[in-house]
Structure formats: structure tokens, C-alpha cells
Amino acid sequence: MLVHIIFKVNCILFFMEFEFVPVDFDYFDFEGRNYVRMIGRNEKGQKGCVVDFHDANFYVVLKKGADVKKIVEKIKEIEVRRSGRVTKVLRTEVLDKKFLGKSVKAVRIFVTNYKDAHDVASEIGDLDGIDKRREYDIPMVTKYIKESGVEPLRWYTVEGQEIEDENQLSGVANLNVDFCVLANKIKPSKNDKEFVPKILAYDIETNDREIGKGDVLMVSFFGDGIKKVLTWKKCGNAPNYVEFCEDEGKMIERFVECVNDYAPDILTGYFSDGFDLPYLKAVAERSGIDFGLGVDGKGPLFSRGRIPSGKISGIVHVDLYRFVDAVFSQYLQSETLSLNEVAKELVGEEKEDFDFSKLSNMKDLDWRDLFSYNLQDSVVTYKLMEKIWPDILEFSLIVKEPLFDVTRDRMATHVENYILHNLDRFNEIVEKRPMHNEIGERRAMGKYEGAFVFEPKPGLYENLVMFDFTSMYASVIVSYNLSKASLIEPHKKGNDLIVEFEKKKSFFPEMLEDIIKRRKKYKKELAQNPSGILKARSNAYKLLANAAYGYQGFFGARYYCREAAAATASFAKKNILGAIDKIKKAGYTIVYSDTDSIAFLQGSKTEKDILKFLSEINAGLPGIMELDLENFYKRGLFVLKRGGVGGAKKKYALVDEKGRIKIRGFETVRRDWCRLTRDLQSDVLSKILEDGDEKRALKVLKKVVEDLMKRKVGLDELMIRTQLRRGLGDYVSEGPHVVAAKKMEALGVPVSTGMLIEYFIGEGSGKRIGDRVHLAGDRVGYDVDYYLKNQILPAVENIFEVFGVDVKSVAEGSEQKKLF
DNA sequence: GCGGCGCTTATACC
DNA sequence: ACCGGTATAAGCGCCGC
């Protein structure tokens, strides 16, 4: 009774209501119950913590005719003892649910500790009448968001009481935040103003690339009202943004202090999961420094995985490289995902130059250059974050996962999370993740038949039309209802395996249709009212739609369905072949086609004729499928396969009416060919497309051949760059770039997987090209013969062949000239 | 010692 | 392991002669 009164008094005293936007999510258990801890901001911009109670739960799906009462009674008796905990079943609910679209009777089981849900589920496994156990493998935070409706980065009205007792709720009251509240009620707020995060960008410089091996020489920060470089190196006349610390340990302490004072929502770096944060942590440990970056005073935690992820309590650590790599890279022009290239493309800002070979002997001037370089990296990272923020925000809002995860998840996971968070309107229980053996089986299945590619007849064509299907594979999935839930169990009919899908729309195609509709809506709104947010929103839906097909064919997917993926490719093929047939029958000549696009000759038809014809084709297409006019092209060049028979697929050059050139597949767009070859080929292609003949292009070729023979070409134009995609010991075949990488390693240059290896081919003997591989600094002359025969001539040979010009004799002509 | 050829590897297209 | 299949092409490395 007394306890009750005190509780009431507490309520009256500390009851509060405020606006809150959750940014970071975490969970803990306290006295046998589960809580979610959200760090975010209130309407006054104060950073705080809201704790919400959440009962962990999962489902069992019952067999038809199961004795529900008996099962429930048995389930209630289950207890799991583990790591000194006892987890019990709190309560159960018997429900009518759906699983893969079918109606099922299910028991929802609430347990006292999330960590043991899996074990409780296993314990239940053997009971009679139980068909499946599901949702025990969904992360606690994801479950909470799904079931509470409290989503990241949206505004809520929170009713609750301040937590003041330091011993309460695992000590959340000790967090370094402005307020800490246990929620009674969290409801969506009318406040719809956009959340603007407080961002701090950082970057470190070290004297050894290997993590923790060298010293952290300096750390830079850039944010709203903060611009700083911390260092323990001595240097005269340093700019005023440099702050000197006594030693490396003091510098790291100061780093922690600066982050805590600034109290950002987001701490961002570029490749900081793999470098900056683990480096700082390692050096802090070595120096015996408390690296308490988090609001809980603890250091960053690194999750194990292929790439470690650095998590800081209460501050979202965002490694922009991860997001760019997972979500953006396929839409970027950049040949590498280095900060410099990506920032140049997206924000037009570049890094500064610094010659790192100076590190062993630094003068004051060099230090000042390095401070400036270090600061600029943070500036560039900050600007990149500002640019990409709308995309990160939209992804988080759409897939309803916290920032930390959204910035690290790959597209398949985004699609999966989108599904997970939208299943409730279908009353669906979530499918489980595939187990290890299941993944193995799926992968062992091998490939299924994919897209159709038309073999072009080499030649220079005039006046082409290009049609393409909008979001083809996604629209096929929707139009034919292809998914795991709609798959009718494949059955044999004679020797054929019959694979069919139900007509009634299942949840995946329905969600996808919604995604496509939204994409259209926001794209339209964007055209009328351009804004970064609308662009990001439209783009996020487009990306999700484009990843949907790959998701169903991905072996790690909960809703993996090989039949659906294969059927998607098959129906797509059927439709493009059908469209090609119609275009042919209408009297046009097909020039090329790849997957979802068709190029054909305009002939004597007008643009109006073409558009009318297009709408006729569209009238006959199934479901939401749609063929679109991509563009008209003035000229198009298609070439022969190298040394082979037939036209080369995935290789062509087009020029549109406005003179815009589109080059696909040629060496020009391949980063593993030297600059000289790429520039020459690009020049040759554009001259041919502009002129309609090869005369000017031939002059360009002759000039380059002569320059090369006279050795007037700079080495930088001859460097070949190839990515090292595995460890040096893992190669079966030792290609030139592997030889180059081994040479680098021998010189003490750190070599790692993913690096672009740069080398050139020098003069000398040796059977292999690899025997003549040299690094940039080597004092060896480049091999003119190699660059002529293995680079320049192969790249232009089949282009000139279209005009009946033999480049070998052209080159020999140049050689003759040189000899006489 | 050398040409042929299968295989490995990187990169691109959609 | 972190979305799929289709395609070109270089260069290695082995085989047979």
C-alpha cells in the first residue's frame, strides 16, 4: 500500500509531456523485463533519453486440428535457465493470423527476456500440434518499432516520468543527456517539422596505415560552429584552428571531450568503421586512456562481421563510405569510392594534396600543410553528409530502421526491412531467416535463365529510336504476382515441372506496386516542386523497386523464391521478345536490345508515328507493364567482337539530337585500361559519331601512334589500374596486377584487398606480361610495342573495321615513317 | 620453344 | 554472404607437339 502511494506521488511530481524524435535505439533488460532505450531530441533541441517497456514475443503456428488449449498450457510451463537467468513465459494470445498468405491459428508467446526467446522457441519445438516457430529471430529493436509504431526520426508526443534514481532501469539516469524519461504513452505528434540532426565530421592522420600500429598524429573536426585540429606534434606558426595537446593520450582525451561538448546526433567519417574509429580505440587502449565517447561513458563497440561496425552509445556513428558503397555506388560515375572522387562528383569539393613520404621528416611548413589537409578531409566529409543526409533520412523513414543500421545495410536488407515493417496490414507472421544449411542448398541450385541480349550487326547507323520498359522486373513481379506467398507448389506434368502463381495478389507484389506508385507520385511532385527531400524520397522508392527482383533471388532472403525470380526473368524475356516482334512486324529494323530496352531504325517514320505506335504496344501489355520512349539518337555505332565472329553485345556508342554522347561497354568506360587508350578511343568514337565518317578519327589515331613511338607520351597516361579483389595468397592465376601488388608489398607499401593497383608495362624479356610489370617509380622505359599492340590498336581496331580501315597497316605506316 | 586453348580474373551492362 | 544473370576480354598456365 505504501509503495503504491509513493508511486502515485512520484507520478504527480514528475509527470511530463513533451515532443520527442527518436534517433538512436538500443535495448536492455532490467529485473526480468525488456526495455527499449531511445536517444533523441525534444522540441527545444535538448538531447535526451526515452525508455519504453516492451515485452519480447514470438509466434508458434499451429497445425490444423491442433489441441490449442493443451498446447497453450504446455507452453506456459516452459522455463529456460541460462547465464544465471530464468526466462519464463509471461502470457500467451491465441490469434487468427496469416502465414505466407494462408490463414493459420497461431499462439503469440510473450517471454520475460528477449535474449532467451530463441531458446524458449527451441524448447517448444517438439510439442505436438506445432507446425512452425517464427519471429524469434527478429532483432529486438526492429520488433519494438514494428509493434509499438514508434519509428525512427519521426516526432512523437511522449507522456512519462523523469527517471532520477541512479539504480533504476540499469542506470539510465546516469547517461550524459539533458533528460531521461520512462514513457507511459508515446503517440504520433502533430509536429511534422523535419528533424535536422546535429552533425560532427571527423578524420584522423596516422604514421602507419595498420590499425593501432602507428601513432595518431592529429584529429580534425568540422561541424556547425566547430572547426578544429587536435595534435600533440609541435609546430610553430600554426593556424588558430589547431589545438596542441601534451601527448597522444591527452589528445584522445580531448577528442572525447570535444565530442561530448558538441553532443552531436551523428558523428561521421569516411571509412571510419574500418579505420578512424578502430584506430583511435586501439591507441586509447595502448595509452591506457578511457575512450568514453558514448552517452553511457563507454567506448565504441565493434560488431563482428565481414566489415566491423563501430557503434557509439547515444551518438550515431555513420561511416559514409558504407552507405555510398551499399546504396549509391551503382548510380555514381566515380571509378573508385574514395572520398576524393565521391565528394568531387556529389558536392564538387576535393581533398587537399599532401605528400605522405614527407612524414618521416616533417618541417613546420609540412605540419601546417598536414593540419590543413586533415581539416579539409573533415570539411569534405561534412559536406558530403549534408548532401547525402536527405537520402539517409528518407531510407530510414521508409524502411523504418534506425540510422545506424540504415547507413550500413545493403539493398537486400533494406527490401527485407521494408517488408517486415509493412506486414502487419496483411496480418502476416514474419518468415524466418534461412539457416546455414538452407543457404547452402539455395546457393547450390545454380543459375536460372536470365535476360535476352540481341546480337547487333556491326555498323554505323543513322536515326535510331530507343524504347525501354519502366522498372521492368518490378513491373513483371507485380503484373504476374510472382512471390513466395503466391507460388503454387510446383508439380510434375509428364516430364515438365509446372510452376504457377496464384492470381490473387500476395503481399510482396502488392507492396511493390505501392512502392512503384509512390515512386511515380514523388517523381511527379519533384518535377513540379524540386527539393532535396522529394528527390531523395523518389530515389529511395526507385532503389527499393529495382532491388526487389534481386531480393527474391538472393539466397539469404527470408522471402527467397527462386521460382519467382526465374519466372520474373522469363516473363520479362517473353515481353521484350514480344515487343521486338511487334516493332519488326511494323516494318522497323531492330538494331539492338538488352534486357529491357530496344533500339531500332526510325526509317521514314515521324516522331508522331513512333509515339502512336508506342501507345499501341502499351495497350497490349499486361498489368502495370509499360514501354517508354527513352530517346531518339542521330547516330549509333556497333562493332564486331574482338577477333571473333558476330557483333559485340553490351558495347555501343550513341549520339542524340543534342549532341550528347552515350558510350557503353567500350574500353573508354573501363577503368582497367590506361588513360591513353581510353582518351584515344573516346576521341575516336565522338569524332565518328559527330562526322558520320572515320577521316578525322583516323588522324587522331595516327597522331597518338606517332607520339607513342617517339616516346612523347607521359608515363601517367600509361599506368594501368586494376583492383585487387582478394588476398595475395588467394590467387590461382597471377595476373599483372597481382605481380605489381607483390612488388609493392616487397617495398613495404601496405597492400590490402579492394585496393586499386597501379602499374605499367616496361621493356624487357619474359614470357608473361607480368614479368615486365613495373611500379610508378621504377626507372624503366615503357614498352612501346606493348602499348601499341595490347592497348591502343585493340581498342580502336574494330571501330575502324566498320569503315573497312585496317589499323594495323595504319600503325605500320607510322612505323615506316619513323624508320626513314 | 611455341601455339592453342581452357581457365581465372576484372569489369561492364541492365 | 549481405540483390540477379549476361557478356567481353586479357592474360596465365598447362598441354601437346
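We name chains A, B, ... by the order of the sequence lines, and we start the count at 1 in each one.
Looking at heavy-atom distances under 4.0 Å, A:Phe452 makes no contact with the nucleic acid at all. No engagement by A:Val415 is indicated, since no non-hydrogen atom pair under 4.0 Å with the nucleic acid exists. Within 4.0 Å of A:Tyr652, counting heavy atoms only, lie sugar-phosphate atoms of the nucleic acid but no base atom. A:Lys447 comes within 4.0 angstrom of a nucleotide base, judged by non-hydrogen atoms across all strands. Across all strands shown, A:Ala569 has no heavy atoms under 4.0 Å from either base or sugar-phosphate atoms.
The side chain of A:Arg642 places an N or O atom within less than 4.0 Å of a non-bridging phosphate oxygen (OP1 or OP2) of C:dA10. Residue A:Lys641 places at least one side-chain N or O under 4.0 Å from the OP1 or OP2 atom of C:dT8. Between C:dC3 and A:Tyr418, no contact under 4.0 Å exists linking OP1 or OP2 to a side-chain N or O. For A:Tyr560, no side-chain nitrogen or oxygen approaches OP1 or OP2 of C:dA1 to under 4.0 Å. In this structure, A:Arg410 reaches the C:dC3 phosphate: one of its side-chain N or O atoms is under 4.0 Å from OP1 or OP2. When the side-chain nitrogen and oxygen atoms of A:Asn790 are compared with OP1 and OP2 of C:dG11, one or more of them lie within a distance under 4.0 Å. Taking only side-chain nitrogens and oxygens, A:Lys651 comes nearer than 4.0 Å to OP1 or OP2 of C:dA9. Residue A:Lys650 places no side-chain N or O under 4.0 Å from the OP1 or OP2 atom of B:dC13.
For the residue pair A:Tyr652 / A:Asp594, no side-chain donor-acceptor distance below 3.5 Å is found, with atom types taken as modelled. With 3.5 Å as the limit, one finds a donor-acceptor pair spanning the side chains of A:Glu345 and A:Ser334. Of the N and O atoms on the side chains of A:Arg562 and A:Gln552, not one donor lies less than 3.5 Å from an acceptor on the other residue. Side-chain contact check for A:Thr142 and A:Asn417: no donor-acceptor pair (N or O, by modelled atom type) lies under 3.5 Å.
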A:Asp514/A:Tyr541 under side-chain hydrogen bond (donor to acceptor under 3.5 Å, both in side chains): CA gap, chis, key distance, verdict: CA-CA 9 Å; A:Asp514 189 49; A:Tyr541 282 114; over 6 Å; no
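Proximity of a side-chain donor or acceptor of A:Asp783 to a complementary backbone N or O of A:Tyr786 within less than 3.5 Å is detected. A:Arg678 places a side-chain N or O within 3.5 Å of a backbone atom of A:Arg670 that can act as its donor or acceptor partner.
B:dT9 and C:dC3: their P atoms are spaced 22 Å apart (whole Å).
The line from CD of A:Glu401 to CZ of A:Phe25 is 9.0 Å long, rounded to the nearest 0.5 Å.
Of the candidate nucleotides C:dC12, B:dA12, B:dC14, B:dC14 has the atom nearest to the side chain of A:Thr595. Set against C:dG11, B:dT11, C:dA10, the side chain of A:Tyr786 has C:dG11 as its closest nucleotide. You'll find that the side chain of A:Thr413 is closest to C:dC2, out of C:dC2, C:dG4, B:dC14. Side-chain proximity of A:Leu756 to C:dC3, B:dT11, C:dA7: nearest is B:dT11. Closest to the A:Glu449 side chain, of the nucleotides C:dA9, C:dT6, B:dT11, is C:dT6.
The distance from atom CD1 of A:Ile720 to atom P of B:dT11 is 12 Å, rounded to the nearest whole Å. Protein atom CD1 of A:Ile477 is 14 Å distant from nucleotide atom P of C:dG5, rounded to whole Å. Computed from coordinates, the A:Ile792 CD1 to C:dA10 C1' distance equals 17 Å when rounded to whole Å. Put simply, NZ on A:Lys649 is 10 Å from P on C:dT6, counting in whole angstrom units. In this structure, A:Leu640 atom CG and C:dT8 atom C1' are separated by 13 Å, rounded to whole Å. Across the protein-nucleic acid pair, A:Arg558 atom CZ and C:dC2 atom P stand 18 Å apart, rounded to whole Å. The CG-P distance, from A:Leu332 to B:dC13, rounds to 14 Å in whole Å.
Ring to ring, A:Phe328 and A:Phe323 are close: their centroids are under 6.0 angstrom apart. For A:Phe271 and A:Tyr321, the gap between ring centers is short of 6.0 Å.
Side chain A:Glu416 to base C:dC3: no donor-acceptor pair is found below 3.5 Å. One can find a donor-acceptor pair under 3.5 Å joining the base of B:dT11 and the side-chain atoms of A:Arg670.
A cation-pi geometry, defined here as NZ or CZ lying under 6.0 Å from the six-membered ring centre and within 45° of its normal, does not hold between A:Lys311 and A:Phe302. In this structure, A:Arg726 satisfies the cation-pi test against A:Tyr731, with its NZ or CZ atom closer than 6.0 Å to the six-membered ring centre and inside 45 degrees of the ring normal.
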Protein proximity profile, nucleotides 3-9 of chain B - base contact B, sugar-phosphate-only contact S, no contact -, cut-off 4.0 Å on heavy atoms: -----SS
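DNA chain C is contacted by A:Tyr549, A:Gly550, A:Gly553, A:Phe554, A:Phe555 of residues 549-557 of chain A, taking any non-hydrogen atom closer than 4.0 Å.
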